[in-house]
There are 2 protein chains.
Amino acid sequence: MDMHTVEELSKVLKVLGDPTRLAMLKQMETDEQCACSFVDCFDISQPAISRHLKMLRQAGLLLERRDKQWIHYRLNEASPFYPLVMELLGQVELHDPTGTSASTCNVKSS
Amino acid sequence: MDMHTVEELSKVLKVLGDPTRLAMLKQMETDEQCACSFVDCFDISQPAISRHLKMLRQAGLLLERRDKQWIHYRLNEASPFYPLVMELLGQVELHDPTGTSASTCNVKSS
DNA sequence: TTTCTGTATAACGAAATCGTTATATAACGT
DNA sequence: ACGTTATATAACGATTTCGTTATACAGAAA
């Protein structure tokens, strides 16, 4: 098991401690996601989504792949926090992650 | 394994996402701690310590035991987040949790 | 009762957070 | 070139966070 300093770990937990970001990560649990899918899925503006993605990226939790004009994000399996993130996501219920999801959100299937 | 909603989990992660609170929890990992020991251990004021403890209590993570004028806090093993907290604490390095600990902090032993 | 120690709360300020709208940039299609 | 779509950044405001100092409360001891 990898060990972390209090500073490192608390920084990551702070990033995870937002319902929108946590729900975004949940959507990336199994597949990569296009940034635009988050815009459809959450009832916040596209710039707000973009900033959340930036925070997740800066925490080292995400990798991106550009395909034409779309940018696909996925979990960074090489992050020292990847095991932790996966375990947390495993404890997150599906359906309507934030109560803010639009009807097109692919996480809400029930 | 217990499951949590995104809302619940993100709320707890937010509480955990502060270096002082995470270090406080680390000190309670094995033993209960008197509130005053945190005051000695961190370079912030007593009221600041008190507010951090209140947040941890309100998140359901702590239980308290009054003994004369001292209040001893310990992890709430009945919290649905207790297993998660313990696992996180297991990934936290000891020594000088925040870089802010005073020389009397009992966590820094090396 | 007064005093001391331990803890909590009130009131305040600086900085961070998280949303918005407006605008810029990148890549595609016509 | 131009318009459209996808994404990022800038600028701003409301709210939250986290520290402080001052004060209140609780219990012990003189």
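For the numbers below, each heavy atom of this structure counts, side chains included, while hydrogens, waters and symmetry mates do not. Naming: A, B, ... by sequence-line order, numbering from 1 per chain. The structure presented is a predicted model; accordingly, all values stated were derived computationally and were not measured.
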Exercise for the section: Figure out the CD/P separation between Gln33(A) and dA6(D), and round it to whole Å. Expected result: 15 Å
Exercise for the section: Could you pull out all residues at least two apart from Phe81(A) that satisfy ring pair (Phe, Tyr, Trp, His ring centres under 6.0 Å)? Expected result: His4(A)
Exercise for the section: Under the side chain to side chain donor-acceptor pair (under 3.5 Å) rule, collect the residues that match up with His52(A), sequence neighbours excluded. Expected result: Arg21(A)
Fill in the blank from the handout: Of the candidates dG19(D), dC18(D), dC18(C), the side chain of Arg21(A) sits closest to dC18(C)
Practice task
Just report the end-to-end axis angle for the helix from dT1(C)-dA30(D) to dT30(C)-dA1(D), five pairs per end, to 10 degrees.
Solution key: 10°
Problem - With Ser45(B) via side chain to side chain contact (heavy atoms under 4.5 Å, CB included) - residues at least two apart - result: Pro47(B), Ala48(B)
Exercise for the section: Provide, to the nearest angstrom, the distance between the CE atom belonging to Met55(B) and the C1' atom belonging to dT16(D). Expected result: 10 Å
Handout entry: Contacts of Gln69(A) that satisfy side chain to side chain contact (heavy atoms under 4.5 Å, CB included) - sequence neighbours left out
Key = none
Practice task
Nearest whole angstrom, please: distance from the C1' of dC18(D) to the CZ of Phe42(B).
Solution key: 15 Å
Handout entry: Approximate separation, where rounding is to 0.5 Å, of Asp2(A) CG and Glu93(B) CD
Key = 10.5 Å
Exercise for the section: Apply salt bridge (Lys or Arg N to Asp or Glu O under 4.0 Å) to Glu64(A) and list each qualifying residue two or more places apart in sequence or on a separate chain. Expected result: Arg57(A)
Problem - Glu8(A): partners by salt bridge (Lys or Arg N to Asp or Glu O under 4.0 Å), with sequence neighbours left out - result: none
Practice task
State whether Ser45(A) places a side-chain N or O below 4.0 Å from either non-bridging phosphate oxygen (OP1 or OP2) of dT20(C).
Solution key: yes
Fill in the blank from the handout: Ranking His52(A) and Asp67(A) by the position along DNA chain C of their nearest nucleotide, the one closer to 5' is His52(A)
Practice task
Apply salt bridge (Lys or Arg N to Asp or Glu O under 4.0 Å) to Arg65(B) and list each qualifying residue two or more places apart in sequence or on a separate chain.
Solution key: Glu32(B)
Practice task
Encode nucleotides 5-16 of chain C as B, S and - characters from 5' to 3', where the letter depends on protein heavy atoms closer than 4.0 Å: B to the base, S only to sugar-phosphate, - to neither.
Solution key: BSBBB-------
